[in-house]
Amino acid sequence: MLQVPFIRENKEDVIKRLAVRNIDATQMIEDVINLDEDRKQLQTQLDNTLAESNAISKEIGNLYKSGNTAEANVLKEKTTQLKEVTKEFTEKLNNTIESLNQLLYKIPNVPHPTVPNGSTEDDNEEIFKEGDIPVLHSEALPHWELAKKYDIIDFELGNKITGAGFPVYKGKGARLQRALIAYFLDKNTAAGYTEYQLPLLVNEASGFGTGQLPDKEGQMYHVTQDNLYLIPTAEVPGTNIFRDVLLNETDLPIGITGYTPCFRREAGSYGAHVRGLNRLHQFDKVEILRVEHPNRSYQALDEMVNHIKIILQELKLPYRILRLCGGDIGFTSALTFDFEVFSTAQNRWLEISSVSNFETFQANRLKLRFKNSEGKNELAHTLNGSSLALPRVLAGILENYQTKDGIEIPEVLIPYTGFNIIN
RNA sequence: GGAGAAAUGGCAGAGUGGUCGAAUGCGGCAGUCUUGAAAACUGUUGAGGGUCACACCUCCGGGGGUUCGAAUCCCUCUUUCUCCGCCA
């Protein structure tokens, strides 16, 4: 959520930059500033009343001590009146704060100046492309056919046990998944990220901290009996490590990585383009996450992008990097780069990573701060990215590495799989 | 699941109705000493709102109550610890 002082001081710029998301925020920004003005006024009125109350209370104490009960009782009457006034102001103030917050929750992050205009994913800007798209033999298959042919993923079985979108990996398929997870985690820890194992269920406060709640709860599975949510991404438990945390400047930067399954309801998305591994209700992902000093967060974003590039180069998969346009960028993000791997048999690009800088948008909600060199508490910047989402990487490997003799295994993974072909 | 104890600043830990935003220690910051560092010593150091700056207000796990006045008393919720039970 945006900070009110920032909105007030950069009113025109905020409106202009939010327009890149194709929203006209003029009225909302105006309302925020007005509500905050009201808030300040009410706060001052309340504070003055309380100050008077406090002063009288002190006096009553002194009067009792000196035995002047009669005068004390007179003053007591007065405080009763003040209590009424206090109650009234408190109520008004709380209502104003509530309205202000409700409004602030609705305003997305301000896009970085480099975010291109645009309304849909077609307007995203391709900024990098690498890797040769292989020419497949004539009997090449999409990954779901390959999965069946080599008996490594069973979609029907998952359907029986749970429902659509919960595939069962078996044999070499299961081993390849485990290999990818281990490989990603090794790459990340080698780059300085600390490995974490995080809870897969989170409470309301955590859902709120990263912005899934209060508005986007439909994305998550809700365990109503205990009021917990299954995580849609490791970003949720990972970022909430830092909720209500005050760091020293020397603690920065912080980098963590973790593997978790992810659970997404994906209500209403069915059809041919969600076939196979393209979109699932449960999938595995390795995430990287950073807490950075504001003046080097964009450098950190570049480092993360480069890190993921190296992984894809090593896997020798054809991929491209997109700079998301204003219409496609996430609610909480200021700048996002998507990585897409080419699904040769489907002849389409599949998103396998999304790397974002949230600047202070998350930190403001989380109250994640550090003590800066002037001794002031300052909001940190948070960033995260997938490194990587497993199913589509797997789809990419199956399709791009298929030969007439079977599916070859990328060289870097062989130490992890213990085999070099699925046949 | 049952019984008991506890929750205080970045951390540890005093404080049981007004003089408490809160002793003390650690940590942080500044200084003295030193060629430099360490050690030692001295000073300083909670957060949020508000103000040009003060004043002032709020905050001692969350919520509610008693009282002129609550970290302190009462109710309630949550969490943690100990013991018992159950259990991968």
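Note on naming: letters A, B, ... go to the chains in the order of the sequence lines (proteins, then strands), and numbering restarts at 1 for each one. Computed over heavy atoms, backbone and side chain alike; hydrogens, waters and symmetry mates excluded.
- Look at the P atom in both rG64(B) and rC54(B): the space between them is 31 Å, to the nearest Å.
- Distance check on atom C1': rU76(B) versus rG85(B) gives 27 Å, rounded to whole Å.
- Both distances falling under 3.5 Å, in either a Watson-Crick or a G-U wobble arrangement, place rU24(B) opposite rA12(B).
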Between the protein and nucleotides 55-58 of chain B, are there any N/O to N/O pairs under 3.5 Å, and if so, what are the atom names and distances?
residue, atom, partner, partner atom, Å
rC57(B), OP1, N54(A), ND2, 3.1
rC57(B), O2', D47(A), OD1, 2.7

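- Across all strands, K40(A) comes closer than 4.0 Å only to sugar-phosphate atoms, never to a base (heavy-atom distances).
- Between the side chains of T26(A) and D24(A), at least one donor N or O sits under 3.5 Å from an acceptor N or O.
- Taking only side-chain nitrogens and oxygens, R369(A) never comes nearer than 4.0 Å to OP1 or OP2 of rA47(B).
- Between rG21(B) and rA55(B), the distance separating the two P atoms is 15 Å to the nearest Å.
- Look at K367(A) and you won't find any side-chain N or O under 4.0 angstrom from OP1 or OP2 of rA47(B).
- Within a 6.0 Å radius of CD in E314(A), more than 12 heavy atoms belonging to other residues, nucleotides or ligands are found.
- Atom CZ in F370(A) sits roughly 16 Å away from atom C1' in rC29(B) (whole-Å rounding).
- Rounded to whole Å, atom C1' of rG27(B) lies 13 Å from atom CG of L246(A).
- Rounded to an integer number of Å, the gap from Q45(A) CD to rU51(B) C1' is 16 Å.
- Residues R21(A) and P108(A) meet the side-chain proximity criterion, which asks for heavy atoms closer than 4.5 Å.
- Across the protein-nucleic acid pair, E204(A) atom CD and rC77(B) atom P stand 18 Å apart, rounded to whole Å.
- Here N377(A) reaches the OP1 or OP2 of rA47(B): one of its side-chain N or O atoms lies under 4.0 Å away.
- Every pair passing side-chain hydrogen bond (donor to acceptor under 3.5 Å, both in side chains) that includes a residue from residues 324-338 of chain A is listed here, sequence neighbours excluded: N124(A)-D328(A), S333(A)-T336(A), T336(A)-S356(A), D338(A)-S354(A).
- If you take CG of L368(A) and P of rG10(B), they are 14 Å apart, rounded to a whole angstrom.
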Inset, instruction - Go along nucleotides 68-73 of chain B 5' to 3' and tag each nucleotide: B for a protein heavy atom under 4.0 Å from its base, S when only backbone or sugar atoms are that close, - otherwise. - result: BS----

